[in-house]
There are 2 protein chains.
Amino acid sequence: MNISTKGRYASRAMLELAMRNSPEPVPLKTIASSQRISLKYLERIMTSLAGEGLVISVRGKSGGYLLARPAAKITLDEIVKTVEGDMAPVSCVTDASLCGRSAVCVTRDIWREVEDTVLGVLRSYSLAHLMAREGFARQPDESRDAPDSAPALDTNKQRGE
Amino acid sequence: MNISTKGRYASRAMLELAMRNSPEPVPLKTIASSQRISLKYLERIMTSLAGEGLVISVRGKSGGYLLARPAAKITLDEIVKTVEGDMAPVSCVTDASLCGRSAVCVTRDIWREVEDTVLGVLRSYSLAHLMAREGFARQPDESRDAPDSAPALDTNKQRGE
DNA sequence: TATATTCCTACAATAATGGTAGGATTTAAA
DNA sequence: TTTAAATCCTACCATTATTGTAGGAATATA
Ligand code: FES
Ligand code: FES
């Protein structure tokens, strides 16, 4: 029962992308250093996210990555699923032919329920939700008294694996 | 996101133990062959279940294993947890010191929620539930018309991984 | 005593994870 | 036009986890 570094790195990178909310593409060098993730590894991760249409990649100088949709429309299950691949805790849930007599298997339904439940939890969180948790939640009316020094985000914020 | 063979083998072995409902200890040789699990591997799995008090082991000739409690009182989460170990999808959920700044980490709470949810699903299934799904559900009043020939369970029933 | 069992520990083959390395390609800026 | 900064691609590799196997020691019954 593991969510590998890929899933966690991808989540953190996407969250940072959301928080920066930059109109210009953000280069991975920036995110890699702020999140302390190997650049090369992160490249591969982001490439697959781009392939799935969650981010838009801009090549060439002053290129980088942009969220493909508003942060409120990107949920964790999408991110985790694309980088982790199949989320079924047992392979036969996805492909019944892998197990001998899957038709009569009792536990299979339960593994399936486990998968559905996990994805349900992840689907209930969008990047916007996560941003709100970070304390960047002063959307509607500026009501909360924010610290004067704008929370800079330069040094490794939300570090921690 | 995986439940390894240990968790699945343990579940199937326990289910078979429940279905046999034998007053005499059932030797692993029997279960291993009926479930097509390596005997030596199964030994190790059952030993840890015994250590956790889910089954009772009887050593020596004509020994074997017995459920330590009625099938209705043993849930899947206990089985899976003991053989799989920590079920947290990310290690810092269990031990916060493993992640740098876990105090300010947003995603950590979510990984924790994932773990809780999975365990919740597993906890909602007892061995008795699983037996019922197998069609051995004639508990309360013998109302359902059971096949005359007692369902023998000898050949590999509920095979499939 | 012979036999059938659990218990214990060490080893090993395979697969998955978590990267690194080295470039090729693209594109904006100088 | 050149240079530099970025993504893209693919192959390799080290480490760890998984999934067992092997061989016997301990235990208890018949
Ligand atoms: S059929 Fe795959 S777990 Fe039973
Ligand atoms: S502190 Fe471990 S995931 Fe954030």
Side-chain angles (χ1 to χ4, degrees), chain A residues 1-13 17 22-33 35-52 54-66 68 80 83-91 98 161, chain B residues 1-13 17 22 24-33 35-66 68 80 83-91 98 161:
Chain A
M1 278 292 307
N2 246 67
I3 290 173
S4 72
T5 51
K6 273 191 193 171
R8 314 205 294 275
Y9 289 174
S11 302
R12 282 162 49 193
L17 219 42
S22 161
E24 309 298 319
V26 179
L28 289 189
K29 200 176 147 190
T30 309
I31 297 181
S33 89
Q35 296 288 340
R36 295 174 185 272
I37 299 172
S38 144
L39 172 62
K40 287 301 207 172
Y41 196 28
L42 185 57
E43 281 181 1
R44 288 203 327 214
I45 291 171
M46 294 306 286
T47 298
S48 69
L49 290 173
E52 209 59 25
L54 296 180
V55 290
I56 293 165
S57 72
V58 180
R59 300 186 66 172
K61 190 159 181 174
S62 85
Y65 283 89
L66 293 164
V80 173
V83 299
E84 300 269 323
D86 189 3
M87 291 291 287
V90 169
S91 54
L98 294 177
E161 223 225 318
Chain B
M1 277 293 305
N2 246 70
I3 288 173
S4 72
T5 51
K6 271 189 195 174
R8 313 204 296 274
Y9 289 174
S11 303
R12 281 162 49 194
L17 219 43
S22 160
E24 309 298 319
V26 179
L28 288 190
K29 200 176 147 190
T30 308
I31 297 180
S33 88
Q35 296 288 340
R36 297 175 185 270
I37 299 172
S38 141
L39 172 62
K40 287 303 209 171
Y41 197 27
L42 186 57
E43 281 180 1
R44 288 203 327 215
I45 291 171
M46 294 305 286
T47 299
S48 70
L49 290 173
E52 210 60 26
L54 296 179
V55 290
I56 292 166
S57 71
V58 180
R59 301 184 66 172
K61 188 160 183 177
S62 87
Y65 284 88
L66 293 164
V80 173
V83 299
E84 300 269 322
D86 190 4
M87 291 289 288
V90 169
S91 54
L98 294 177
E161 227 226 316

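The figures here come from the full heavy-atom set of this structure, side chains too, leaving out hydrogens, waters and symmetry mates. Just so you know, these numbers come straight off a predicted model, no measurement behind them. By convention in this document, chain letters (A, B, ...) are assigned in the order of the sequence lines, proteins followed by strands, and residues within each chain are numbered from 1.
The shortest heavy-atom contact between A:Ser22 and A:Leu66 is O-CD2, 3.4 Å. Residues A:Ile3 and A:Gly7 share a closest heavy-atom pair of CG2-CA, 4.2 Å.
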task = Carefully, step by step, assess A:Tyr41 and A:Thr5 under the rule side-chain contact (heavy atoms from CB on, under 4.5 Å).
result = CA-CA 10 Å; A:Tyr41 196 28; A:Thr5 51; 3.4 Å; yes

Derivation and outcome, side-chain contact (heavy atoms from CB on, under 4.5 Å), residues B:Leu28 and B:Leu39 = CA-CA 7 Å; B:Leu28 288 190; B:Leu39 172 62; 3.7 Å; yes

Under 3.5 Å donor-acceptor pairs involving side-chain atoms of residues 42-53 of chain B, not counting sequence neighbours:
unit_1	atom_1	unit_2	atom_2	d
B:Thr47	OG1	B:Glu43	O	2.8
B:Ser48	OG	B:Ile45	O	2.9

task = Would you give a per-nucleotide map of nucleotides 3-11 of chain C, 5' to 3', where B means the base has a protein non-hydrogen atom under 4.0 Å away, S means only the sugar-phosphate does, and - means neither?
result = BBBBBBBB-

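Considering only residues two or more places apart in sequence or on other chains, B:Val58 meets the side chain to side chain contact (heavy atoms under 4.5 Å, CB included) condition with B:Pro25. Qualifying side chain to side chain donor-acceptor pair (under 3.5 Å) partners for A:Asn2, counting only residues two or more places apart in sequence or in other chains: none. Every residue meeting the side chain to side chain donor-acceptor pair (under 3.5 Å) condition with A:Ser4, not counting sequence neighbours, appears here in chain and number order: A:Glu84.
Considering only side-chain N and O atoms, A:Thr5 lies under 4.0 angstrom from the phosphate OP1 or OP2 of C:dG18.
With a cutoff of under 4.0 Å to any heavy atom of chain A, the contacted region of DNA chain D is bounded 5' to 3' by D:dA4 to D:dA11.
As rounded to whole Å, 11 Å separates atom C1' of C:dT17 from atom CD1 of A:Ile45. Protein atom CE of A:Met1 is 17 Å distant from nucleotide atom C1' of C:dA16, rounded to whole Å. One interatomic measurement links the two molecules: NZ of A:Lys6 to C1' of C:dA16, which rounds to 10 Å at whole-angstrom precision.
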